[in-house]
J.: 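Can you read through this structure? Questions will come right after.
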Amino acid sequence: MASVTADLATTFLTLTYRHRTPLSQVRATVLPFLPSARTSQFRPSRLIPTSSFHSRIIAVDSPKPKVISRRLSVAATATTTPHSEGSDVSTKIPPDDRVPATIITGFLGSGKTTLLNHILTAEHGKRIAVIENEYGEVDIDGSLVAAKTTGAEDIVMLNNGCLCCTVRGDLVRMIAELVNKKKGKFDHIVIETTGLANPAPIIQTFYAEDDVFNDVKLDGVVTLVDAKHVGFHLDEIKPKGVVNEAIEQIAYADRIIVNKTDLVGEPEIASLVQRIRKINHMADLKRTEFGKVGLDYVLGIGGFDLERIESVVNAEGAKEDHDHDHNHDHGHHNHDNHDHNHKHEHHDHHHSHDHSHDPGVSSVSIVCEGSLDLEKANLWLGTLLLERSEDIYRMKGLLSVEGMDERFVFQGVHDIFQGSPDRLWGPDEPRINKIVFIGKKLDAQELEKGFKACLL
Ligand SMILES: Nc1nc2c(ncn2[C@@H]2O[C@H](COP(=O)(O)OP(=O)(O)OP(=O)(O)O)[C@@H](O)[C@H]2O)c(=O)[nH]1
């Protein structure tokens, strides 16, 4: 046990040291004590006999898009880390020039291809490479997309794979090929998954594979929800060990698009939104018809960026499209945001939305003022990931750690954990910790208790 504890205690310290690496290029940290969990998470949940990825580079005749360079200064007074080479080191974050990739997922017929067509035909000045994962021999979606776009420069087909193993390999090869052969010819990659895909292995590909990670960064997961039919899929009881893809696709999302709202009435949409919120309280949500959303909503999300953790944990629960929001989800949002804007009060709550111990997939937030004992927090988080990483789908957090002058931000997908100090706490800024978990069998009270035990 002693050695495990020592390992756990190095987690934050190691991560703290990582502030010297550009934040945007901080390599995902797979906790060193989790070697078996790392491989087990790629187990296929479903075998799909004939599937393939197709890639298409959509060339858009437009001026070269603006390169957005992300710069962030981190003033590090790294008194808590033995790795520190000195204090008051300012780290300039160079631009992250990796190509962003967006995953579009959603159940069969939810409107993924419709959204893709919308993206490809819109004026945005981006050249987009599309990777499609199809069932069967016939490239139906490919022809739908092709019919609506011009300038398709390249199509590569990769066959015979299952989503979690072979296709993951295919995806890596596909991305590597795109990067090697077409570098500079596209600005964004959009990956459309099959309707029965569990997004987890695809997300993990971006962290587990160096070939991918070095050149491409995961920008976000966009999930289409069929407002008329999704209820049936969400209700479906699967055999033990088989995932409910409709739930998983919602759980991993950064952006949720409730599509086909023309086919159902307002009350159905409102109750669906509530249901979605119980699963994923972190994502933005919009209601649409025929996938008509602003391009900003689906491209350039930064859903896995440490720099953007704050906006997620702050706005958590309040992010439905406001055109629709006010009438339908009021009580819920008021409740969720209750504490977020108050200063100088003792913030101390969690919410898990109706269930304190939800056996299904749910979101739990902890908002709590105070500073954490580094070692205890390390042990708590490390143990949590060690024991529960399969159940914790995604998490994001912003922490106040005793002895650390910066806020500590982190995000994780199962046992992939990425964290770093970001900006300094303001002199009068209340030290409020905020964590959001999305996962299976989450016990809000237990999580909160464990977290609070780490406070000084
Ligand atoms: N009424 C209505 N129909 C829609 C809407 N969005 C898409 N559709 C239609 O629904 C059907 C399925 O849409 P797709 O975009 O192909 O859905 P998909 O998710 O790509 O489907 P799969 O690839 O089979 O999983 C098509 O006939 C679309 O025209 C909508 O908002 N309202």
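Whatever order the structure lists ligands and atoms in, that order sets their numbers, starting from 1.
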J.: Of all the heavy atoms in S110, does at least one lie under 4.0 Å from an atom in ligand 1?
T.: yes
J.: Could you tell me, atom by atom, which parts of ligand 1 come under 4.0 Å of a heavy atom of L263?
T.: 1 (N)
J.: Salt bridge check: are E390 and R388 linked by an N-O gap of less than 4.0 Å?
T.: no
J.: Is the shortest N/O to N/O distance between K112 and ligand 1 below 3.5 Å?
T.: yes
J.: For D262, take its heavy atoms, then give the atoms of ligand 1 lying under 4.0 Å from any of them.
T.: 1 (N), 2 (C), 30 (C), 31 (O), 32 (N)
J.: Check the orientation of F408 and F417. Use parallel for under 30°, tilted for 30 to 60°, and perpendicular for over 60°.
T.: parallel
J.: Would the H118 and F290 ring centres measure less than 6.0 Å apart?
T.: no
J.: Say whether N280 and S363, considering side chains only, have a donor N or O and an acceptor N or O under 3.5 Å apart.
T.: no
J.: Under a heavy-atom criterion of less than 4.0 Å, does G106 contact ligand 1?
T.: no
J.: Salt bridge or not for R308 and D254, using N-O below 4.0 Å?
T.: no
J.: For atom 20 (O) of ligand 1, tell me which residue out of T113, T114, V264 has the closest non-hydrogen atom.
T.: T113
J.: Cut-off 3.5 Å, side chains only: do T102 and H188 have a donor facing an acceptor?
T.: yes
J.: Counting each atom of ligand 1 from 1 as listed, which ones have a heavy atom of L108 under 4.0 Å away?
T.: 25 (O)
J.: Give the atoms of ligand 1, by number and element, whose distance to some non-hydrogen atom of E192 is under 4.0 Å.
T.: 20 (O)
